[in-house]
Amino acid sequence: MNAILFYKQLNIKGEMIMIASLMKSWTIWMKIGVMLFGVFLLSWLGPDEIGLTDLLISLREDEETGNKLMLAVFLLVSLNTVLALFHYIGALLLGDEIGDRLNRPWLKIIIPLIVIPLDYIVINAYYSLTYSFSAYALLLLLAILLLQAFEKDRLKPIIKTIICSQLIFGIEWLNEIPSLSQYGFGQGSISKEIKDIAVQIGFEQSLTLYSLTLCLIFVINAVILAVYFSLAEQKWRIKQELHYAQLEAMQSRSGREALYLVHDLKTPLTAIEGLNSLISLKVDDSKIKEYCQKISSSIQSVSDMISEILYDDKKHWCRIKDLVGYVEASRLSGTNLNLKVDFQTDPEIKILINKIRMTRALVNLIDNAYDAVNGIEDGKILLKIKTYENELWLGVSDNGKGISPKEQEKIWKAGFSTKSHPGMGLAFVRQVAKGHGASLEIDSKLGHGTIIWIKLAERSVSR
């Protein structure tokens with residue numbers, strides 16, 4: 001019972017940490033700002049500012065033409081579309097982000113359902129205008145939520161904004177159909193006045209026809225755009241997944257060929273070891289025996305390397321300074337590049353690793369760091385080794401352009417690359433870290449550089 005209570009407390013604490021982190025996100029506040037901008041936009045953009053009030057006065061005095069009436073309707077629909085777009089798209093994108101960050105897909109539906117009616121309450125409390133949450137608002141909210149359910153995160157925010165603007169503009173025309181007033185459409189004071197004038201001048205049927213036609217055109221267009229872009233995005237994702245599969249297949253094939261080659265090296269090594277032992281037995285010269293011992297030691301080192309290449313889980317104790325030397329030899333051989341090493345711990349400390357795979361992982365990080373500082377005059381790459389509590393941290397830092405938060409979520413996926421690379425490097429680093437029971441941490445700020453840590457657990461460190 002106590003264990004269950006403790007587990008629940010941990011879950012609550014974890015949720016609180018996630019929510020606190022969420023509230024610090026500037027993208028969350030940006031979307032809230034979009035909705036607030038829509039609320040206060042009425043102070044700067046209203047019927048007076050776009051000339052709608054003067055046009056209505058003119059209509060009252062001169063009721064023999066429908067041209068002015070249609071212009072007034074168009075201005076009103078356009079104004080309401082602009083004002084509503086900030087509320088709806090802000091709430092929609094806010095729900096998307098919170099749902100993704102908290103891994104709660106249902107929040108993508110619930111948040112707009114709660115936030116949009118609250119927007120109407122705030123507007124009606126702040127302004128003297130009646131901003132009615134009527135049948136029109138319910139229909140529009142339903143249409144946008146259906147779009148949300150249909151697109152399944154396949155649409156980018158800019159595309160979603162364009163589609164929402166089409167939907168809002170189309171459904172707004174229903175407010176100007178006189179016969180729909182009894183069903184809760186067009187309850188605003190200006191809409192009512194325009195429809196009354198249309199009835200008085202006998203323009204009711206024409207207004208209904210125009211409004212229905214424009215509503216259908218823009219709603220159908222929104223549906224077509226949603227279907228087209230959803231299918232296009234789905235097709236692109238399928239192509240990306242196929243590309244990743246091809247990359248993995250290529251890597252697997254080249255890996256198998258390398259394994260066969262390495263495996264075949266065992267035969268000549270065995271022959272060399274046997275002949276070396278025979279020479280050591282046949283001669284009495286101490287110097288030759290010493291040379292034979294060195295040859296035997298080298299053969300054992302090569303044999304260990306072969307084992308580490310052939311078997312991912314094969315690990316040996318290795319001094320940190322030996323690993324660093326191996327990394328430097330692997331990365332810098334034949335180049336004029338300088339790599340600085342920052343030992344913040346004893347270089348004699350031993351770690352239990354697959355030296356070949358760990359070296360490749362660090363070299364991949366170093367290669368990425370060099371790419372990040374390419375073209376920067378004072379570019380710096382640093383290999384850091386330090387101990388924290390009982391862990392040993394291996395890190396590669398640079399002072400390059402940094403990685404955006406959005407890219408940080410994708411960089412570990414196979415095939416993802418911001419350059420013309422296959423995109424397998426960091427996926428391999430993650431695989432190596434997992435195989436060593438290590439964790440990965442990235443600390444990056446745009447314009448300030450990046451550091452990536454491989455954190456080896458206490459069981460892999462010997463002092």
Side-chain angles (χ1 to χ4, degrees), residues 18-19 22-42 45 77-124 131-175 215 218-234 236-237 405-406 409:
M18 280 197 296
I19 292 171
L22 196 65
M23 296 311 293
K24 293 178 182 178
S25 172
W26 66 272
T27 53
I28 293 289
W29 287 106
M30 184 179 71
K31 293 171 177 64
I32 294 172
V34 168
M35 291 186 292
L36 292 176
F37 180 77
V39 171
F40 295 111
L41 186 61
L42 272 170
L45 186 66
V77 169
S78 300
L79 175 64
N80 286 339
T81 298
V82 171
L83 296 174
L85 181 61
F86 288 99
H87 310 317
Y88 284 89
I89 197 63
L92 200 62
L93 297 180
L94 181 67
D96 283 348
E97 180 151 359
I98 293 177
D100 287 335
R101 285 177 176 264
L102 296 180
N103 197 24
R104 304 285 191 277
W106 51 269
L107 286 175
K108 298 181 181 184
I109 304 294
I110 295 298
I111 287 176
L113 278 173
I114 295 172
V115 170
I116 291 174
L118 284 177
D119 266 354
Y120 280 82
I121 293 171
V122 171
I123 290 171
N124 287 323
Y131 205 57
S132 175
F133 188 78
S134 55
Y136 145 78
L138 288 171
L139 179 61
L140 181 55
L141 184 57
L142 176 63
I144 288 177
L145 291 179
L146 285 174
L147 169 67
Q148 184 82 325
F150 166 75
E151 59 96 11
K152 295 180 180 177
D153 295 332
R154 289 193 289 261
L155 298 178
K156 294 180 173 62
I158 184 65
I159 301 299
K160 197 175 288 189
T161 302
I162 293 171
I163 293 172
C164 282
S165 65
Q166 299 270 330
L167 269 178
I168 294 169
F169 189 75
I171 294 176
E172 276 285 351
W173 283 97
L174 296 178
N175 283 329
C215 173
F218 282 95
V219 169
I220 291 172
N221 191 49
V223 172
I224 292 171
L225 285 175
V227 172
Y228 172 78
F229 282 111
S230 291
L231 291 177
E233 181 68 18
Q234 189 175 19
W236 181 83
R237 289 187 181 184
K406 190 174 182 179
E409 298 173 3

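Below, each value reflects all heavy atoms present in this structure, side chains not excepted, and no hydrogens, waters or symmetry copies. This chain uses plain numbering: 1 for the first residue, then up along the sequence.
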A side-chain contact here means heavy atoms from C-beta on lying under 4.5 Å apart; do I168 and Y88 qualify? yes
Donor-acceptor under 3.5 Å (S230 side chain, V227 main chain): no
Please report the C-alpha distance between I171 and V219 in whole Å, then the side-chain angles of each, then the deciding distance to 0.1 Å, and finally whether the side chain to side chain contact (heavy atoms under 4.5 Å, CB included) criterion is met. CA-CA 7 Å; I171 294 176; V219 169; 4.1 Å; yes
Could you state the interatomic distance from SG (C164) to CG (L225), rounded to the nearest 0.5 Å? 11.5 Å
Measure the spacing between CG of L107 and CG of L113 and express it to the nearest 0.5 Å. 11.5 Å
Please report the shortest heavy-atom distance between A91 and P112, naming the atom on each side. O-CG, 3.8 Å
If every non-hydrogen atom of K108 is compared with every non-hydrogen atom of G95, which pair is closest and at what distance? CG-O, 3.4 Å
Would you please test V223 and I163 for side chain to side chain contact (heavy atoms under 4.5 Å, CB included) and show each step? CA-CA 8 Å; V223 172; I163 293 172; over 6 Å; no
Inter-residue atom distance M35.CE - L93.CG, 0.5 Å rounding: 9.5 Å
At what distance, to the nearest 0.5 angstrom, does CG of N221 lie from OH of Y228? 13.0 Å
Show your reasoning for whether salt bridge (Lys or Arg N to Asp or Glu O under 4.0 Å) applies to K160 and D96. CA-CA 11 Å; K160 197 175 288 189; D96 283 348; 2.6 Å; yes
To check you understand the geometry: which heavy-atom pair defines the closest contact between L174 and L139, and what is its length? CD1-CD2, 3.6 Å
Inter-residue atom distance T81.OG1 - F169.CZ, 0.5 Å rounding: 5.5 Å
State the CG-CG distance between L167 and L85, to the nearest 0.5 angstrom. 11.0 Å
